[in-house]
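Contents: one structure, followed by commentary.
This is a predicted model, so every value here is computed, not measured. What's counted below: heavy atoms across the whole structure, side chains too, no hydrogens, waters or symmetry copies.
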Amino acid sequence: MLWAGFVFGLLGSFHCVGMCGAIALALPGRPGASLPSGRYVAGRLLYNLGRVTTYATLGALAGLVGQSLRLAGLQQGLSIASGCLIMLLVAVPERYTARLAGWLGLSRPLGWVKTTLAALFQKTSGGALYGAGVLNGLLPCGLVYLALAGALSAPGVLGAAAYMACFGLGTLPLMLGLSLTGQLVPLHWRRRLRLAVPYAATVLAVLFIVRGLGLGIPYLSPRLGPAPTAHAPHAQLPRSVHYCH
């Protein structure tokens, strides 16, 4: 399902342009005598890779939760629940999902993130731009919440981290292009393409639900067996096998 994360990020990047485009356009440094063009491009790339790093880290945390649920024998139910959660987030107005971090008591940490982000915007070094990308990935975003809901049912911690990394890489072409050119896609097209994000999220949700149903469809909905346990009995050897004394 890694391809699903990438495609969702690619389509969702039009949402990112509307929500975080101002931050990408406000990145410090301008190409010229004081900042060679190669360093300018590298700085923008580092900023976006910082976002991908944060998404992958959040994915790993979601994978830990998902792995615990799978070990409890909830593998199929988890995939179905992830799909239902994505549909719920699609149905909830964006102004409410944006307040989710506040409802979870994260207002103070987010205040620190915003203050530190503003301080990093005063610098043009590669490390500062990468750090700005890392912190930007922590800002409240309904699209990221949708992606994390999908990461819950990814196979294992590394699988969930890879899923979110693919999501981040999907957002990279448009966000990098925006930070380099200023206006990569006309405003009216951005508005239209943002309308496609809920539909893409719904398709992703259906994929997770169908996968969890275990319909026996190869790759799409394989039959999922019970999760292995740490105390599973050893397989018995055939009776024809004799031991030497």
Side-chain angles (χ1 to χ4, degrees), residues 5-6 8-10 12-31 35 39-65 89 94-152 157 160-182 184 194 197:
F6 180 81
F8 185 56
L10 192 64
S13 60
F14 294 99
H15 174 277
C16 296
V17 168
M19 299 302 294
C20 301
I23 296 177
L25 293 172
L27 291 173
R30 292 290 179 268
L35 189 62
R39 184 180 170 190
Y40 175 78
V41 173
R44 267 60 188 166
L45 181 60
L46 284 170
Y47 164 78
N48 284 283
L49 290 178
R51 291 190 305 107
V52 174
T53 300
T54 297
Y55 297 153
T57 303
L58 293 175
L61 294 176
L64 283 172
V65 176
L89 290 172
E94 192 170 344
R95 63 179 180 273
Y96 293 118
T97 57
R99 299 173 187 173
L100 182 59
W103 294 338
L104 295 176
L106 300 176
S107 298
R108 183 172 296 180
L110 282 175
W112 175 86
V113 168
K114 294 176 180 178
T115 301
T116 308
L117 188 60
L120 291 175
F121 265 56
Q122 306 302 314
K123 306 174 184 179
T124 59
S125 66
L129 287 169
Y130 177 79
V134 169
L135 293 178
N136 183 48
L138 294 174
L139 294 177
C141 176
L143 186 71
V144 175
Y145 300 154
L146 286 170
L148 286 171
L152 280 172
V157 176
Y163 176 88
M164 288 301 295
C166 288
F167 163 78
L169 290 174
T171 68
L172 194 147
L174 188 58
M175 292 300 292
L176 177 60
L178 177 69
S179 63
L180 291 175
T181 65
L184 187 63
R194 279 188 64 188
V197 174

For Ala132, the side chain to side chain contact (heavy atoms under 4.5 Å, CB included) test, sequence neighbours excluded, returns Tyr47, Leu117, Leu120, Phe121
| said: Any heavy-atom pair between the side chains of Ser13 and Leu143 that's under 4.5 Å? | reply: no
Contacts of Ala161 meeting side chain to side chain contact (heavy atoms under 4.5 Å, CB included) (sequence neighbours excluded), chain-then-number -> Ala60
Taken in chain and number order and not counting sequence neighbours, the residues that satisfy side chain to side chain contact (heavy atoms under 4.5 Å, CB included) with Ala165 are Val52, Ala56
_Heavy-atom side-chain proximity of Pro140 to Tyr145 below 4.5 angstrom_ = yes
*Quick one: does Leu172's side chain get under 4.5 Å of Leu49's, heavy atoms only?*
yes
4.5 Å side-chain heavy-atom contact, Phe167 and Val144 = yes
Between Leu129 and Gly43 the two heavy atoms that sit nearest each other are CD1-CA, 3.4 Å
When every non-hydrogen atom of Ala160 is compared with those of Gly59, the smallest separation belongs to CB-O, 3.1 Å
Closest heavy-atom pair, Pro28 versus Lys123, reported as atoms and distance to 0.1 Å, is CG-O, 2.9 Å
Side chains of Leu135 and Trp112 in contact at under 4.5 Å (non-hydrogen atoms): yes
In this structure, CG of Leu178 is separated from OG1 of Thr171 (nearest 0.5 Å) by 11.5 Å
Value for CE (Met175) from CG (Leu25), rounded to nearest 0.5 Å, stands at 8.0 Å
The reported gap from CG in Leu46 to CZ in Arg44 (rounded to nearest 0.5 angstrom) is 11.0 Å
When every non-hydrogen atom of Arg51 is compared with those of Asn136, the smallest separation belongs to CD-ND2, 3.3 Å
So, Thr54 side chain and Val134 main chain: donor-acceptor pair closer than 3.5 Å or not? yes
In this structure, CG of Leu58 is separated from CE of Met164 (nearest 0.5 Å) by 6.0 Å
All heavy atoms of Ile23 vs all of Leu139, minimum pair found to be CD1-CD1, 3.9 Å
